[in-house]
Number of protein chains: 2
Amino acid sequence: MSETASRPTLEAVAARAGVSRATVSRVVNGGDGVREPLVERVRRAVEELGYVPNQAARSLVTKRHDAVAVVIAEPETRVFADPFFALQLRGISKELTAHDNQLVLLLTEGRDDHARVARYLAGGHVDGALVFSLHLDDPLPGLIRGAGIPTVFGGRPGWSDATLPGASGPAAVEGIPATAPAAYPAPAASGAGPTVYVDSDNRGGAREAVRHLVGLGRTRIAHITGALDQTSAVDRLDGFRDVMRDADPRLIVEGDFTPAGGERAMRELLDRCPDVDAVFAANDLSASGALRVLREQGRRVPEDVAVIGFDDMLIVAEQTDPPLTTVRQDIEEMGRLMARLLLRRLDRRTGHDPAEAPTSVVTPTTLVRRASA
Amino acid sequence: MSETASRPTLEAVAARAGVSRATVSRVVNGGDGVREPLVERVRRAVEELGYVPNQAARSLVTKRHDAVAVVIAEPETRVFADPFFALQLRGISKELTAHDNQLVLLLTEGRDDHARVARYLAGGHVDGALVFSLHLDDPLPGLIRGAGIPTVFGGRPGWSDATLPGASGPAAVEGIPATAPAAYPAPAASGAGPTVYVDSDNRGGAREAVRHLVGLGRTRIAHITGALDQTSAVDRLDGFRDVMRDADPRLIVEGDFTPAGGERAMRELLDRCPDVDAVFAANDLSASGALRVLREQGRRVPEDVAVIGFDDMLIVAEQTDPPLTTVRQDIEEMGRLMARLLLRRLDRRTGHDPAEAPTSVVTPTTLVRRASA
DNA sequence: ATCCACGGCGAGAGCGCTCTCTCGGCGCCG
DNA sequence: CGGCGCCGAGAGAGCGCTCTCGCCGTGGAT
């Protein structure tokens, strides 16, 4: 039962140190305006009693929580197939920890669950939110903005307010609509500020991959797209088009980020264009599917057909035969950036530096050369 | 600024409904002991004002937080290589959500970080903890038990109090020490109750895999172990030994759960015992490494050498050549179970049913037959 | 020497909720 | 028909903290 012997309060510390509650509070929160000898006395008392501030009581008056929600709205599939979110979480966790913030994880279980998440965020239990929602038609981002809570998105959300910053060049290539098939208008911002997101340079990375293939002397370069309801897939396709402006449209075939989709697409590709001599797949998973079909059909990689993936998902890229050349993104760093952006925004709220609105960040990618191209 | 117009309080709802704060509180918390007409009036007021209870204020008086911590103490490697934790998190999240509990995620960043986590848990910010710590020499479980907070472990922790329940048969095979190389004594329980964990039936699953190989008529069956500082690896080894009591010791070779480790082990195996006709690898990753070496050395799978893995990690098992026969565990269900066990324990705390201490659970595994065995 | 300014510290008022205690009203038993 | 018990509702006391105020002591200016 001694476990139930409730933990010491400010009062107790004050008594032991022979000062008032207010003074202990001051010391605990930085110690400004308290003279050295007292600070020392209070510190000792805190130490001796093993005092830990009661966060609930503190929040009650400050209205801050030092907690941030991380919302992952991926319907099953992708989250659990690759370490993407795990790595982002790690980055986020590091940054939050460094600033004494807690991470509250919210996973949505199907569409109906969005309301629950929105309610939670609007309920003022956390100071801000980091939101992953990769699908263009996902209502969640809208709901969240409606909740009026500072938010940073992971990956570019699919509305028009959130177009790519300059770094990535023109958004459309002649004749072909470059952007999302189903982009919908930005939800009204209700004091939550402009849309801020962190995304990797999908378009630039795609360009680099395709240019590499061009540099290899390939001329019949194909693209297996990702699921085109996700901005990352759209951006990678745009990057492909940036370089292959006059590409044979039959060389672009729709995949879905899965190995099976990659297989299907590769079959179709070989069928339509037997002379294909290179493939840029929208991710490593579909590249691995393509690889399998190529092998099965007796095409040598990279001699006959060069293959490049995207993501540098080690568990796949290093294990394929041959090992996969691919585009790497620093996923953990992206997570860290998201957290940093959000925290900065929260800081500002408390009246720091009202100027200089935080802005979206696009992180660079690098081409990792292995054997497949 | 209207966003800052602080959210309505109980007081406001009470005023609008024309009742007292206490009554509103009762309704919000289930509505027992309030007559129907009033309940209805209050509900409407809540609805109209968009009232959401202030969790901080509530916690302050109830000393409950309706939040549990999930601690993942994996030093880098495994967490982010496979979807294991992601799936567990999903299961946990589902169960917690169903009971209106929040999930606070704590990832440790290196050894020095354990103290931080322990302090947080001891600080009474959450009602309980779900802890993943797979390494036998990890100090964290000890620290956490010291914190005196109700805890359920994911995977059997490596101390003696936490031996496998009956379901799994004898813990040792004649002559050979069956248990952990470095098991250390259970930390003193300080009111946190006995060690409770959820683990899959590693040992039983291993037995089933090996028996399957025996049933195939294989006689020279080898085992590539996992990293033996983890109980799962030890248990799988024990399961192997249960069936192969008189196994040639050279047929057991140490791996580390990685593809590279699998390759290394397989080479050594072929070197030592060229007549090997089956391999049970401690997980799919090392099985995939083994598979590659076998192919490279011209052994046909499964004709010459049958191979079985463990985990049914789809991204690997379905993509190997040939697809991998393996042992599946219901990882999401394990997560759900962990959460359920913890919540039940927390319930009990509030004086429900002091009898019947919750006990560890070992979840069943199933053999998934594909082409490799 | 007197006054004022200022910095250090204590007193006390809540933050929004829960929960106990009390009181009033009604049904029921004798 | 009167009293007792019980149920439904309100009043009010905190939970542990922060923060504003005001007091007091010190030091510099006059």
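All values derive from a computational prediction rather than experimental measurement. Note on naming: letters A, B, ... go to the chains in the order of the sequence lines (proteins, then strands), and numbering restarts at 1 for each one.
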Short question: side chain of R7(B), backbone of G123(A) - any donor-acceptor pair under 3.5 Å? yes

Donor-acceptor pair between T195(A) and R145(A) side chains, under 3.5 angstrom: yes

Taking the nucleotide of DNA chain D with the closest heavy atom to each, which residue, A56(A) or V19(B), is nearer the 5' end? V19(B)

What orientation do F85(A) and F132(A) show, parallel under 30°, tilted 30 to 60°, or perpendicular over 60°? perpendicular

Closest-nucleotide 5' rank along DNA chain C - winner of L60(B) and A22(B): L60(B)

Please report the C-alpha distance between Q55(A) and S59(B) in whole Å, then the side-chain angles of each, then the deciding distance to 0.1 Å, and finally whether the side chain to side chain donor-acceptor pair (under 3.5 Å) criterion is met. CA-CA 9 Å; Q55(A) 182 62 39; S59(B) 293; over 6 Å; no

With axes from five pairs an end, tell me the bend angle of the helix from dA1(C)-dT30(D) to dG30(C)-dC1(D), nearest 10°. 50°

Round to the nearest Å and state the distance from R21(B) atom CZ to dA11(D) atom P. 9 Å

Starting from C1' on dG10(D), measure out to CZ on R35(B) and report it in whole angstrom. 14 Å

What integer distance in Å separates R26(A):CZ from dC19(D):C1'? 9 Å

Using the rule side-chain hydrogen bond (donor to acceptor under 3.5 Å, both in side chains), only one of R345(B), H65(B), Q102(B) pairs with D127(B); which is it? H65(B)

Nearest-0.5 Å distance, CG of residue L89(A) to CE of residue M338(A): 9.5 Å

Interatomic distance, S133(B) atom OG to I144(B) atom CD1 [nearest 0.5 angstrom]: 7.5 Å

Go through DNA chain C in 5' to 3' direction and return only the first and the last nucleotide with some atom under 4.0 Å of chain A's heavy atoms. dG8(C) to dG16(C)

Separation of I72(A) CD1 from L107(A) CG (nearest 0.5 Å): 5.5 Å

